[in-house]
Structure formats: C-alpha cells, structure tokens
Amino acid sequence: MSQGRARLGVLVSGSGSNLQALLDACAREDFPAEVACVVSNVPSAFALERARKAGVRAEVVDHKAFGAKADFEGALREVLRDARVEWVCLAGFMRLLSADFLAHFPGRVLNIHPSLLPSFPGLHAPKQALERGVKVAGCTVHYVDAGTDSGPIIAQAAVPVLPDDDEKALAARILVEEHQLYPLAVRLAVTGKVSQDGARTRVDAQATTGTLALRSPGMPR
Ligand code: GRF
C-alpha cells in the first residue's frame, strides 16, 4: 500500500457486498483510501471471508460477548486503534454506535442505507418503500450520528420502483447503486471534497458540482 492513503476500518455484520465494492475501489491505484481492517460483530459473516481473500485484516468483536454496550464499543475501538484506522465505514453493520464512540472519530464515520433518506430509516427500507407505494427508491451515504440513519447526507442514487417489484427485486436494484455510490462518497469524504459541519454536510462546490446529484440509471421516461 502506498503512503498517504486514508485508512478505513469497515464494520460489517453480514454478506459484505458493500465491503467488496470498497475493497475493489481500494485496489485501484488512484483511489485515495485503503482498507486497514474489517471488523464484524457476527462471527459467521461472509464479509470476513471477503476481507481475508483480499489480504485484509479481519477481526470479530462479538457484541454478545459483552454485558455492556460501552465494553463492546471499547473492544471495537481497540481493534480500530491497533489498525491505525482514521475513517470508519459502516457496511451492513447492524448495531447502533453511541455518541461516545462517534466522538473518537469526529466527522469520520460513514454509513450506507438502502433508501432515499430521510425516508425509510431503520430495518427493511426497501420493504417500507414498497408498502408506501413510492415510485422512486434508492440509497444514501451519510455521516453517522447517534440516531438511526439520521446523520448529514453525503450522496444519493435513485432507482425506479417497477410495478412487479417485490422486496428482493427492489433491494437488488438498489444494491447495484450502493456499490457505485459508497466508493464515490468515500473518495469525496477522505479527500475533503465533502465534510461534516455539525448537522450538515459541507460541499466543496467547485470540486463536486454535479457529483452529488441523483444518479438515476435505467429510470424510465
Ligand atoms: C445494504 O443494503 C446496506 O445499505 C445496508 O445493509 C445492506 C448490507 O449489504 N446498510 P452488504 O452486507 O453490504 O451486502
């Protein structure tokens, strides 16, 4: 790994397809970040396999092994500190992080969520979108605050909701966009083109005009 790249710690709980997108992006020479370690709170998460295959340090910090959340987060921080992680990327990580944890990485914790926030935070976002009958769905990368999917928005991508969609079909269409959007947002964040400014995202307009607009491939006219 060349010097000067931002060191990412990617937190996962499951399949890790977004982790894979980040690993693939980081494998490109011109990408300004590298994955320093992957931490899963679920020992059986396939994401760990992806990390190992990419030659990246993979650790389990099982929340079930800790009585108090603070202890779980302390163990998490220990691994991140040991791996000299500068930025934390949540990629299908199914635990809420406390304000205390976040304070150790101010403005440096990102998450990806499969809805156009602020609509449909929380679990089963594509299902929520279908139940609500929206015609446009999508995904969001945002800074993490102590709420659920409530931090300042960095980037969004949109997909159409089609008449025959079930949850699986819509989630799969959104996931394709997630894999494009997360590396884009990480690039913007670690290069300072966007930054967290309290409850808002500050954008370097000169550098990112257009980049943060909705991407809507396949949108029927
Ligand atoms: C993605 O839909 C992501 O937006 C959400 O959880 C899912 C994780 O999928 N937070 P994967 O583990 O990255 O495949």
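None of these values were measured; they are calculated from a predicted model. Every number for a ligand or one of its atoms is a count from 1 in the order of the listing.
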* To do: Name all pairs fulfilling the salt bridge (charged side-chain N to carboxylate O under 4.0 Å, His left out) condition that reach into residues 104-132, sequence neighbours left out, sorted by first residue then second.
  => Lys127-Glu131
* **Leu116 to Ala157 - nearest heavy-atom pair and separation** => CD2-O, 3.5 Å
* Got a sec, which pairs hit salt bridge (charged side-chain N to carboxylate O under 4.0 Å, His left out) with one end in residues 71-92, sequence neighbours left out? -> Arg57-Asp82, Glu78-Arg81
May I have the N/O to N/O pairs between ligand 1 and the protein that fall below 3.5 Å, each with atom names and distance to one decimal?
unit_1   : atom_1 : unit_2 : atom_2 : d
ligand 1 : 2 (O)  : Glu178 : OE1    : 3.2
ligand 1 : 2 (O)  : Glu178 : OE2    : 3.0
ligand 1 : 4 (O)  : Ile112 : O      : 3.3
ligand 1 : 4 (O)  : Glu178 : OE1    : 2.6
ligand 1 : 4 (O)  : Glu178 : OE2    : 3.4
ligand 1 : 10 (N) : Ile112 : O      : 3.0
ligand 1 : 12 (O) : Gly16  : N      : 2.7
ligand 1 : 13 (O) : Ser17  : N      : 3.3
ligand 1 : 13 (O) : Asn18  : N      : 2.8
ligand 1 : 13 (O) : Asn18  : ND2    : 3.0
ligand 1 : 14 (O) : Ser15  : OG     : 3.3
ligand 1 : 14 (O) : Ser17  : N      : 2.8
ligand 1 : 14 (O) : Ser17  : OG     : 2.5

* Check against side-chain contact (heavy atoms from CB on, under 4.5 Å), Leu80 and Leu11 -> CA-CA 10 Å; Leu80 298 176; Leu11 306 190; 4.3 Å; yes
* To do: Assess whether atom CG of Asp164 is packed by more than 12 heavy atoms of other residues, nucleotides or ligands within 6.0 Å.
  => no
* Which pairs pass ring pair (Phe, Tyr, Trp, His ring centres under 6.0 Å) with one or both residues in residues 74-101, sequence neighbours excluded? -> Phe101-Phe105
